[in-house]
Protein chains: 2
Amino acid sequence: MPALKKKLEDRAAVIKALGHPSRLLIAEALMKGEMCVCDLKDLVGADMSTVSKHLTLMREAGVLNCEKRGLNIYYSLACDCLGDFLRCVDRLACGGKKTTCC
Amino acid sequence: MPALKKKLEDRAAVIKALGHPSRLLIAEALMKGEMCVCDLKDLVGADMSTVSKHLTLMREAGVLNCEKRGLNIYYSLACDCLGDFLRCVDRLACGGKKTTCC
DNA sequence: CATCTATTTGGCGAAATAGCCAAATAAAGC
DNA sequence: GCTTTATTTGGCTATTTCGCCAAATAGATG
């Protein structure tokens, strides 16, 4: 109900939509252009239904768009700002884990 | 074992560390400067142990640094590129969900 | 219309995550 | 050295997420 909470949850949903190895792989692949579900299935190497659910989640979070043409459904990134996004993630991931606290 | 998989998982861990309402709130607050756990507990409004676990997760993912001074432990963002990151997320979140497929 | 193809949906068990409580730790101050 | 204060850890349950399978849908093609 509180607007602030809803806003936080919407944004968390966007982030969550990218916070999974398969979905990250999908997002990176789509930076080079749209792809249909069966191609993404080959890329990810999981059951098509699994990939479809990942894609639905990403679309509902607002990260992906889709368009049907012929027999296939083509998915594409909803925003090209993801490049900077992933660069930032890379920088953080490279930092190496600090497993012990202060 | 495969290096690619590990890399994807590390990056997904960074993203996951931000993909939760409370952790997102924490990250935003820390953009303005470091804070100790008890202040963050007040901000989030959850049990201190819960907040502490969120912070540990974020630190282990490489998103936060911490430093002990006196009685308190101060947490801070490991990277200032998070501003752009969150702006991008905002843009995507504002797009509105597309609940129906093509 | 019957069929084929690409995709989504429903359902289920397994695994991961969240959040509370109580207990442990660690350093500070008396 | 004992107590107080700040934080983390362990343990537990409830919830969510993941990934497969089988079934349903939707549109193209014969």
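Both Val44(B) and Leu8(A) sit in one connected hydrophobic cluster of ILVMFWY residues. Membership requires side-chain heavy atoms under 4.5 Å apart, directly or through other members.
Regarding contacts with the backbone of dC20(C), a side-chain N or O of Thr50(B) is found under 4.0 angstrom from either OP1 or OP2. Taking side-chain N and O atoms only, Lys68(A) has no distance below 4.0 Å to OP1 or OP2 of dA28(D).
Note: His20(A) and His54(A) have tilted aromatic rings, judged against thresholds of 30 and 60 degrees for the angle between ring planes.
Ranking dT9(C), dT8(D), dT17(C) by closeness to the Lys16(B) side chain, first place goes to dT17(C). Of all nucleotides listed (dT9(C), dT7(D), dG19(D)), dT9(C) comes nearest to the side chain of Thr56(A). When distances are taken from the side chain of Ser52(A) to each of dA18(C), dT8(D), dT9(C), the shortest belongs to dT9(C). Out of dT7(C), dA18(C), dG19(D), the shortest distance to the side chain of His20(B) is found at dA18(C). Residue Ala46(A) places its side chain closer to dC20(D) than to any other of dT9(D), dC20(D), dG19(C). Checking dC20(D), dC20(C), dT7(D) against every side-chain atom of Ser49(B), the shortest atom distance belongs to dC20(C).
Residue Lys41(B) is out of contact with every strand shown, counting any heavy-atom pair closer than 4.0 Å. Residue contacts for Arg69(B): at a heavy-atom cut-off of 4.0 Å it reaches no nucleic acid atom on any strand shown. Across all strands shown, Ser22(B) has no heavy atoms under 4.0 Å from either base or sugar-phosphate atoms.
Mapping Leu71(A) and Asp47(A) onto DNA chain C by nearest heavy atom places Leu71(A) closer to the 5' end of the strand. Of the two residues near DNA chain D, Cys36(B) and Gly45(A), the one whose nearest nucleotide lies more 5' is Cys36(B).
Side-chain atoms of Lys53(B) and base atoms of dG11(D) include a donor and an acceptor less than 3.5 Å apart.
Under a 4.0 Å N-O distance rule, the pair Arg87(B)/Asp84(B) qualifies as a salt bridge.
Stacking of Arg59(A) on the aromatic ring of Tyr75(A) is not recorded, the 6.0 Å distance cut-off and the 45° axial limit not both being met.
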